[in-house]
Amino acid sequence: MPEGHTLHRLAHDLTDAFAGRPVRVGSPQGRFDAEARQLDGQVLDGAQAWGKQLFLEFPGERYIHIHLGLIGKLQLTPYDDQPPPPIGQVRLRLVGESTVADLRGATACDLWTREQVDAGIAKLGPDPLRPPDAGGDPLKAWARIGRSQRSIASLLMDQTVLAGVGNVYRAELLFRHRVDPYRRGDALTRKQWLAMWDDLVALMHDGVAKNRIDTVRVEHTPEAMDRDPRVDDHGGEVYVYRRTGQPCHVCGAVVRTAELEGRNLFWCPRCQRASRSRATK
DNA sequence: CAGTCATGCGCAG
DNA sequence: TGCGCCTGACTGC
């Protein structure tokens, strides 16, 4: 679930459901209790995402900073009469007029000052889901990528290079641009990078709108190819992500996987032919 | 029904 | 480099 599109979608949905009115803030699990008490009953000003970081803004320049990590979820549930009782380890619960939001399993849920938010954002690279003049400048990422000997696969997942891309968008972006995951950053051209960025902007906006990651072009959809749709918990239609051992939708070669920096990498060895300058990490 | 693994990342060692 | 976070879908017995 949580790549950048998930957090931006949550920011939008939270603003819709809670902003501009008093919100009950609690921590049924207890771990965020002291902080929740300080915010309980205050008006939520709004929610914003930057990469995979989510910020809920309260009066007095106080922000709830949330990072879902790998297994975290922020679940919004509409209710009519009474909010349903919390289930499991709910670290943060927001209750609005007709919506309840429950946070479980997150890596981070802290109360931050404006200075902490600014410092946190300053560490992040540009976010494809932000406007070019407000944090979405692809040249800031290129300044790092274009002179790096590290692999493009490693660079794409480095949130200080660009913010919001996770393992699915990484694999799919590299496939769509026929780039070997191990190609060195400095072996890409500026033009190639800008084309990848533009594609990422479109893919991730589509992800926000649909709340899932679909990356196959129209000619490679299940309907167009007369094949079965994807059925696992990921759900989206993709070219290579978690398709190890299956035939590439484009060329039929067997999709490969390898571990890189503790994460699985997926690619088609034929469509994404290895370049001469391959990085080792 | 126990075990595995996952769209992430900070920190201990 | 490996663990913690501590959810939840899927797998194999």
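Throughout, a chain's letter reflects where its sequence line sits, starting with A, and its residues are numbered from 1. All values below were derived from every heavy atom in this structure, side-chain atoms included, with hydrogens, water molecules and symmetry-related copies excluded.
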*How long is the line joining CG of A/L203 and P of B/dT7, in whole Å?*
18 Å
*If you check every side-chain atom of A/N167, which of B/dA6, B/dG8, C/dC5 has the closest atom?*
B/dG8
*For nucleotides C/dC13 and B/dC5, find the distance between their P atoms and express it as a whole number of Å.*
14 Å
_Counting only side-chain nitrogens and oxygens, does A/R31 get under 4.0 Å of the OP1 or OP2 atom of C/dC5?_
no
*Roughly, in whole Å, what's the span from CG in A/L74 to C1' in C/dG8?*
16 Å
*In whole Å, what is the span from the CD atom of A/E261 to the P atom of B/dA6?*
16 Å
_Once you apply a heavy-atom cut-off of 4.0 Å, does A/G69 come out as touching a base, just sugar-phosphate, or nothing?_
base
_Single-linkage hydrophobic cluster A/W142~A/M157, side-chain heavy atoms < 4.5 angstrom_ = no
*Check: A/T107 side chain, B/dG10 base, donor-acceptor under 3.5 Å*: no
*What's the closest nucleotide to the A/H67 side chain, out of B/dA6, B/dT7, B/dG8?*
B/dG8
*Kindly say if A/Y169 contacts the phosphate of B/dT7, meaning a side-chain N or O under 4.0 Å from OP1 or OP2.*
no
*What integer distance in Å separates A/R242:CZ from C/dC10:P?*
9 Å
*Find the distance A/K123:NZ to B/dC9:C1' and express it as a whole number of Å.*
13 Å
*Which class fits the ring pair A/H5 and A/Y169: parallel under 30°, tilted 30 to 60°, perpendicular over 60°?*
perpendicular
*Give the rounded distance in Å between these two atoms: CD1 of A/I213 and P of B/dA6.*
15 Å
*Who is the Watson-Crick or G-U wobble partner of B/dG13, with both distances under 3.5 Å?*
none
*When the C1' atoms of C/dT1 and B/dT7 are considered, how many whole Å apart are they?*
22 Å
*Which atoms form the tightest heavy-atom contact between A/R212 and A/E237, and what is the distance?*
NH2-N, 4.2 Å
*How far does the P atom of C/dC5 sit from the matching atom of B/dG13, given to the nearest Å?*
14 Å
*Name the orientation class of the two ring planes belonging to A/F175 and A/Y239 (parallel below 30°, tilted from 30 to 60°, perpendicular beyond 60°).*
parallel
*Is A/Q75 touching bases, backbone alone, or none of the nucleic acid, heavy atoms closer than 4.0 Å?*
nothing
*Would one find a side-chain N or O of A/K52 under 4.0 angstrom from OP1 or OP2 of B/dC9?*
yes
_Phosphate contact (B/dT7 OP1 or OP2) by A/R212 side-chain N/O below 4.0 Å_ = no
*asked:* Under a 3.5 Å distance rule, please check whether A/R170 uses its side chain to pair with a backbone N or O of A/A153 as donor and acceptor.
replied: yes
*Report the nucleotide, chosen from B/dC9, B/dA6, C/dG8, that has the shortest atom-to-atom distance to any side-chain atom of A/Q159.*
B/dC9
*Partner nucleotide, any strand, of C/dC13 [Watson-Crick/G-U, under 3.5 Å]*: none
_A/H5 NE2 - B/dG8 C1' separation (whole Å)_ = 14 Å
_For atom CZ of A/R263 and atom C1' of C/dC3, their distance in whole Å_ = 15 Å
*Proximity to the side chain of A/R104 - top-ranked nucleotide from B/dA6, C/dT7, C/dC6*: C/dT7
_Donor-acceptor contact present, side-chain A/D40 to main-chain A/V25, <3.5 Å_ = yes
_Span that lies between the P atom of B/dC1 and that of C/dC6, in whole angstrom_ = 25 Å
